[in-house]
Structures are given as structure tokens and as C-alpha cells.
Amino acid sequence: MCGIVGAVAQRDVALILLEGLKRLEYRGYDSAGVAILSRDDRLQRVRVAGKVKELEDALAREALYGSTGIAHTRWATHGKPSFSNAHPHVCRGEIALVHNGIIENHEELRAQQLALGYEFTSETDTEVVVNQVHHHATGGKDLLEAVMDTVAELDGAYALGVISRSEPQRLIAARRGSPLVIGVGIGEHFIASDVFALLPVTQRFVFLEDGDIADITRQAITIYDSKRNEIERPIRVSELTADAAEKSGFRHFMLKEIFSQPRAVAETLEGRIAEGRVVEEAFGPNAASVLDTIHSVHIVACGTSYHAGLIARYWMEAIAGLPCSVEVASEFRYRRLVVRPETLFVSISQSGETADTLAALREAKQRGYAHSLAICNVPESSLTRESELVVMTRAGPEIGVASTKAFTTQLVVLMLLVILLGRRHGLGVEDEHALVAQLESLPGKLNAVLELSDQIQTLAEQFANKHHTLYLGRGSLYPVAMEGALKLKEISYIHAEAYPAGELKHGPLALVDDDMPVVAVAPNNGLLEKLKSNLQEVRARGGRLYVFADPAAGVENSPGVQVLNVAPIEEPIAPVIYTVPLQLFAYHVAVLKGADIDQPRNLAKSVTVE
Ligand code: G6P
């Protein structure tokens with residue numbers, strides 16, 4: 001999704017802005033640009049309909065000097081990816097602006113501005129914002145007032161960075177619905193869509209709240225809320241260091257993140273289990289009294305996080321004995337639904353900024369859910385600030401667009417929640433000990449499964465020229481199959497669909513032939529024999545099977561069947577382990593296809609628009 005960086009400093013800021021954009025590349029984008037006020041107060045702009053590297057090359061040819069500037073990576077919403085749609089947008093050479101979000105009333109504003117004689121050079125919804133700021137500024141207002149008046153007229157979501165030729169030492173930032181942080185320096189200040197962008201220049205941040213407008217100069221940061229009252233927002237010191245977002249010798253961020261799962265899971269568990277039991281306070285000081293009241297659970301999330309919720313539903317009903325429903329956030333937020341009493345609303349989000357998930361949480365608060373709990377990987381994200389209870393996944397920064405370690409750590413937190421709720425609904429101490437022992441065994445088991453990477457790479461070679469594939473699983477391994485299929489389509493662009501294996505004969509079996517490989521996950525559980533019958537149905541139609549199986553599952557290599565043995569793992573924790581070979585499989589197939597692993601086409605890491 002669009003990324004914003006801005007700076008007001010004493011030194012030249014072009015390289016700081018460029019480095020910030022590089023650090024935001026992981027969010028996904030299609031074009032990039034920068035605008036800088038020169039020392040003689042000219043507004044200079046360079047844009048490219050391509051990657052930040054191309055912007056860097058353009059800046060090498062045409063260096064921009066100046067100490068106030070804004071920069072942007074654009075993920076197209078209104079108007080195709082192109083040079084003229086790239087940000088910053090400039091009005092009459094006076095005001096430059098970058099925007100993340102969607103302005104819903106842009107057509108109405110555009111009509112008003114056309115009547116006032118404004119011209120448009122792009123198809124974006126953003127251009128109306130810069131024109132509107134210009135309109136108010138020419139009415140005698142300073143830049144701060146002009147932005148305040150403008151945002152009061154906007155419907156929709158925005159994070160904005162605005163600079164003006166007539167006030168060269170000033171940067172105005174505003175946010176509603178889209179993320180924006182201020183980086184606090186010494187004699188210089190910055191803005192960005194997230195903290196990673198600014199880690200090389202500061203570790204001190206102010207997180208803007210919805211509706212905030214910030215007046216930023218080299219010496220001061222003054223923040224106003226949506227009612228224009230000056231307010232204080234705390235400065236927080238990030239524990240992240242600049243190298244948190246580096247590849248550390250791995251070829252891709254995704255591979256680094258897959259391989260960091262044993263450590264990430266161990267960190268997620270750290271301090272949250274003691275003497276074989278889950279530590280209740282780890283869910284916050286109010287957790288006990290909240291959880292005491294809960295008799296059902298509704299989980300809402302998007303993408304990979306949604307898949308984590310689907311797995312948790314099997315656990316919640318089987319272990320805690322509580323009814324649990326799971327829904328994608330974009331559906332939940334627009335549906336009339338019946339809220340069961342004493343229901344915990346659980347939102348899951350790696351980024352904590354996904355627009356639909358955030359809106360769902362806000363909606364849930366209106367609709368009378370008893371309590372809310374967020375499972376998130378990014379401290380100080382909007383979701384964590386708005387949810388009643390918060391549990392962090394502690395996976396560390398996840399840069400690859402295709403989510404990996406965030407997913408497995410979400411599962412770990414969800415299991416902790418299931419145990420805490422289960423305790424209140426008949427889960428015995430011995431059973432809790434057994435579950436905790438499974439959780440504690442995860443880092444070691446994950447290390448073992450990572451050792452299969454080379455074998456999985458060999459298997460992947462047979463896939464690189466395929467166009468379609470089916471993924472099968474049963475029970476809690478069905479969402480694992482869904483997650484495996486999602487990984488493959490996200491990064492290799494091979495069409496992959498997941499089915500609960502028992503559904504195969506109700507339609508998808510018609511697709512199976514020699515050219516339609518079928519991937520299955522087969523732990524040694526109560527559904528194994530059923531799954532094996534389903535696999536036979538595939539073989540009988542000439543389909544080729546690739547099975548990730550427990551050695552005791554009795555699935556053998558044979559013509560048309562290739563088996564990759566995964567170390568034995570108990571239920572119910574098996575989904576965490578079986579996810580990993582599917583991540584590696586998608587990764588190796590995508591590498592063989594020469595795809596852009598960390599920034600797959602058309603996708604964004606943090607989806608901050610609806
Ligand atoms: C995007 C990402 C996915 C992610 C989904 C939900 O689509 O590309 O990897 O699963 O958003 O993101 P969240 O940050 O809410 O978990």
C-alpha cells in the first residue's frame with residue numbers, strides 16, 4: 001500500500017527520503033516520487049512509473065538539494081500506475097502533497113475545483129486534496145490552516161504530508177484511517193507510514209491518532225486533534241534497530257522469515273507459560289475478569305490472519321468447548337448479524353493497520369460485543385490502540401508480503417487463548433500441561449521441518465511449469481491447505497485452490513488430470529484414513545499427488561505419488577508444523593519461476609484502504 005516519507009531538517013533530505021522509500025518497498029507499490037524545496041524555495045519534483053531503484057537512478061542524474069521534502073510510493077487505486085498518477089502531486093508549483101488512503105468525495109470536489117479554474121494532470125483522487133489546500137492557502141490562510149480546512153471537507157481515509165513553497169521550513173501531516181508516525185530527531189523531524197522507514201535516522205516516535213494534524217518544523221512538533229485543540233501525544237522509543245529490516249544473508253526476506261519461525265515462536269511463548277501452564281496476566285491485567293464472562297468467540301481477520309482464525313475455530317470448539325465463528329473482515333463489517341451475548345470479538349492482524357479489520361473492530365464495539373481482543377504483531381498500531389485486550393505475537397518485523405512467521409505466531413497466541421478459555425469450561429490441568437508441552441516443543445519441531453528445505457526444493461522443480469493446482473486437507477489441516485494455496489498463488493502466480501478433501505468428489509474432482517497436481521497434508525490423526533481414501537480418488541483419475549505426511553501415516557512413494565515425510569507431531573498442534581513445508585514449497589516454486597518473492601505483483605503488505 002502507499003508509503004509516505006517526509007522530512008524537515010537542516011541537512012539535505014533527498015537521501016533520507018530515498019532510504020525511507022526503500023524501507024517501505026515491502027508494503028507493495030507501483031510508482032514512486034519525491035518533492036523537495038530547494039534552498040532558493042523552488043518546488044522540485046522527480047517521479048517514476050516504476051520502482052524506487054529507478055527513482056534513485058533518476059535522482060543520480062538530477063540531484064535535488066534542499067532540507068524540506070516529501071516522498072511516496074504509490075499503490076494504484078484511482079487511476080492506473082503511471083508517471084502522471086505518481087505522487088507527490090503539486091498544485092500550481094506552490095504546494096506539494098503525498099497521500100495514502102482513498103478520498104470518497106473526490107468527484108464532488110473535482111467539480112467545484114474545475115469551476116474555480118483548477119486543472120488536473122492525473123486521474124487520482126489525491127489531486128483534489130492538493131488543489132483544495134492551495135485554494136484555502138490563496139484565501140490568505142497559512143499552510144496549517146489550509147490543511148485543517150481541507151481535511152474537514154474530506155470524506156474517506158487519508159494520511160497526508162504537505163509542503164509549501166511559501167513556508168519552506170514547515171511540513172504539515174494529517175491522518176484519518178491511514179497510518180502515519182512522526183520521527184523525532186534533534187533539530188530535524190520526519191514523518192512516515194511506519195517506523196521502519198525512519199529507523200536509520202531516529203528511534204523516537206510520536207504515533208498520530210485518527211483526526212490529528214501535526215505542524216512540524218525543525219524545532220517543534222505541534223499536534224492538534226480533529227477539533228483543532230492542541231494536544232500532547234507521547235514520544236515512544238522503539239526497540240527496533242535499523243537492521244531489523246535487513247535480509248541478514250538470506251536471499252529473500254520471505255526465506256529469512258520462514259527460517260526465523262523457531263525463534264519467533266519461542267519469543268511469543270516467552271514469559272507466557274510457567275510450570276506447564278499459561279500465565280493469565282500475559283493477556284493483560286484485566287484479562288482474567290474479561291475471560292471469566294466469555295461464552296462464545298467471534299474471530300475476524302483478512303488474508304493469512306483469517307486462516308489463523310479458521311484453525312483456531314477447530315481448537316476453540318474442541319478444546320475450550322466454546323462456539324466460535326470466523327469471518328473475513330470485509331464481509332463482517334457490512335453484514336447485519338446476530339451478536340450472541342457474552343461473546344469475545346477477536347481481531348487478528350499482522351500489521352494492525354488493515355482497513356477492513358480495523359473497521360470491523362470499530363463496528364463490533366458499536367454492535368454490543370461483550371469484549372474485544374486483538375492479536376497483532378506491530379506495537380502501537382491502530383488495532384492495538386483501539387482494542388480492549390491486546391496480545392502481541394512478537395514475531396519481529398515481517399517484510400515479505402506473503403505472511404509466514406506472523407501466521408505461526410498468531411497460531412501460538414490463539415492456542416494460549418484457547419487454553420485460558422478452556423480452563424474456565426472444563427479443560428483439566430493435565431490436559432493443559434499436555435497442550436503447553438506441545439507448544440514448548442514447537443521451536444525444536446520447527447527446526448526439524450526446516451531441514452526439509454532442500455528436499456522441498458527438488459519437489460518444487462516438478463511444479464514450476466504448472467498452471468493450476470489443488471490443495472487438500474481435513475479438519476484443522478484444511479485451513480492449512482488454504483494457507484498453502486494462498487502462499488503459492490501470492491508469490492508464484494500459479495492458480496491454487498484448497499478444498500476439504502471430503503469435498504473433492506462434489507466438484508473439483510472433475511478438474512483432476514495428469515496436468516493438475518494435487519498437494520495434500522497428511523498428519524497421523526483421526527482423519528487420516530478418510531484422507532487416504534480421498535487421495536485414492538485422485539490417483540484413480542490419473543492425478544499426481546504430492547503429500548506432506550507423517551512417516552507413520554502409511555502413505556508411500558509410488559507411481560504418481562510423491563511423499564515428503566514430516567516429523568511426527570501430535571494433534572492439535574500439527575497445523576503449526578504442517579504450514580512450514582507449504583511455505584517452503586511456495587517459496588521454492590516461485591524462485592524457480594523467477595518471481596519477485598518479497599514484493600509480488602499487485603499485492604500490498606499492509607492494506608490500509610478498503
Ligand atoms: C495483505 C497481505 C497478507 C495479509 C493480509 C492481512 O493482503 O498481503 O499477507 O495476510 O493483508 O493483513 P494483516 O496485517 O491484517 O494480517
Side-chain angles (χ1 to χ4, degrees), residues 1-3 24-30 75 77 100 177-179 193-194 196 252-254 257-258 264 299-312 326-333 346-362 373-387 390-411 413-414 479-480 482-493 496 579 582-583 586-587 590 595-610:
M1 248 352 62
C2 300
L24 292 177
E25 280 192 295
Y26 79 94
R27 295 164 68 88
Y29 71 104
D30 43 61
W75 190 82
T77 56
N100 170 18
S178 301
S193 294
D194 66 33
F196 300 131
H252 299 101
F253 281 113
M254 183 183 178
E257 287 156 7
I258 291 173
I299 301 176
V300 170
C302 301
T304 289
S305 300
Y306 167 65
H307 293 159
L310 289 177
I311 291 169
V326 188
E327 196 165 358
V328 287
S330 53
E331 288 298 312
F332 170 85
R333 62 184 289 195
V346 177
S347 55
I348 312 174
S349 173
Q350 185 283 130
S351 62
E353 300 293 351
T354 301
D356 284 321
T357 309
L358 258 176
L361 170 61
R362 289 170 188 158
L373 180 148
I375 298 175
C376 189
N377 194 41
V378 178
E380 297 300 338
S381 57
S382 303
L383 199 72
T384 62
R385 280 182 279 140
E386 294 188 26
S387 185
V390 176
V391 193
M392 302 309 299
T393 44
R394 300 188 193 145
E398 189 177 71
I399 307 296
V401 163
S403 186
T404 52
K405 62 178 180 172
F407 177 74
T408 40
T409 53
Q410 283 166 354
L411 289 177
V413 169
L414 284 161
V480 171
M482 292 170 80
E483 175 58 10
L486 179 65
K487 289 289 87 87
L488 191 72
K489 61 188 148 196
E490 279 179 318
I491 60 169
S492 78
Y493 316 143
T579 297
L582 299 187
Q583 295 169 344
Y587 172 79
D596 189 347
I597 305 287
D598 290 327
Q599 292 162 40
R601 69 184 183 203
N602 305 342
L603 299 181
K605 179 76 186 161
S606 183
V607 181
T608 51
V609 296
E610 217 187 312

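When a ligand or atom number is given, it counts from 1 through the structure's own listing order.
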>> With a 4.0 Å cut-off on N to O distance, would you call Glu398 and Lys405 a salt bridge?
In response: no
> Are Ser347 and Val300 close enough, and set up right, to give a side-chain contact (heavy atoms from CB on, under 4.5 Å), and what steps lead you there?
Replying inline: CA-CA 5 Å; Ser347 55; Val300 170; 5.5 Å; no
> Would you say Gln410 and ligand 1 have an N/O pair spaced under 3.5 Å apart?
Replying inline: no
> Can you list the residues that meet the side-chain contact (heavy atoms from CB on, under 4.5 Å) rule with Ala604, with sequence neighbours excluded?
Replying inline: Met1, Trp75, Val607
> Quick one: does ligand 1 sit under 4.0 Å from the side chain of Val401, the backbone, both or neither, non-hydrogen atoms only?
Replying inline: both
> Can we say Asp194 and Arg27 salt-bridge, meaning some charged N sits less than 4.0 Å from an Asp/Glu carboxylate O?
Replying inline: yes
>> What protein heavy atom lies closest to atom 10 (O) of ligand 1? Include the residue and the distance to one decimal.
In response: Thr304 N, 3.0 Å
> Side chains of Phe196 and Leu24: does their closest heavy-atom pair fall under 4.5 Å?
Replying inline: no
> What part of Lys605, side chain from CB on, backbone N/CA/C/O, both or neither, has a heavy atom under 4.0 Å from ligand 1?
Replying inline: backbone
> Of the protein's non-hydrogen atoms, which lies at the shortest distance from atom 1 (C) of ligand 1, and what is that distance?
Replying inline: Ala604 O, 3.5 Å
>> Using side-chain hydrogen bond (donor to acceptor under 3.5 Å, both in side chains), reason through Glu483 and Thr579 one step at a time and then give a plain yes or no.
In response: CA-CA 7 Å; Glu483 175 58 10; Thr579 297; over 6 Å; no
> What part of Ala301, side chain, backbone, both or neither, has a heavy atom within less than 4.0 angstrom of ligand 1?
Replying inline: neither
> To the nearest 0.1 Å, how far is atom 12 (O) of ligand 1 from its closest protein heavy atom, and which atom is that?
Replying inline: Thr354 OG1, 3.3 Å
> Short list, please: which atoms of ligand 1 are under 4.0 Å from a heavy atom of Ser403?
Replying inline: 9 (O)
> Taking 4.0 angstrom as the limit, do Arg601 and Asp596 come out as a salt bridge?
Replying inline: no
> Where is the nearest protein heavy atom to atom 5 (C) of ligand 1: which residue, which atom, and how far?
Replying inline: Cys302 O, 4.0 Å
> Applying the side chain to side chain contact (heavy atoms under 4.5 Å, CB included) test to Pro600, which of Asp598, Ile597, Leu603 qualifies?
Replying inline: Leu603
> So is Leu603 in contact with ligand 1, going by heavy-atom distances below 4.0 Å?
Replying inline: no
>> Looking at non-hydrogen atoms alone, which of Cys376, Ala329, Ser305, Ala308 comes nearest to atom 16 (O) of ligand 1?
In response: Ser305
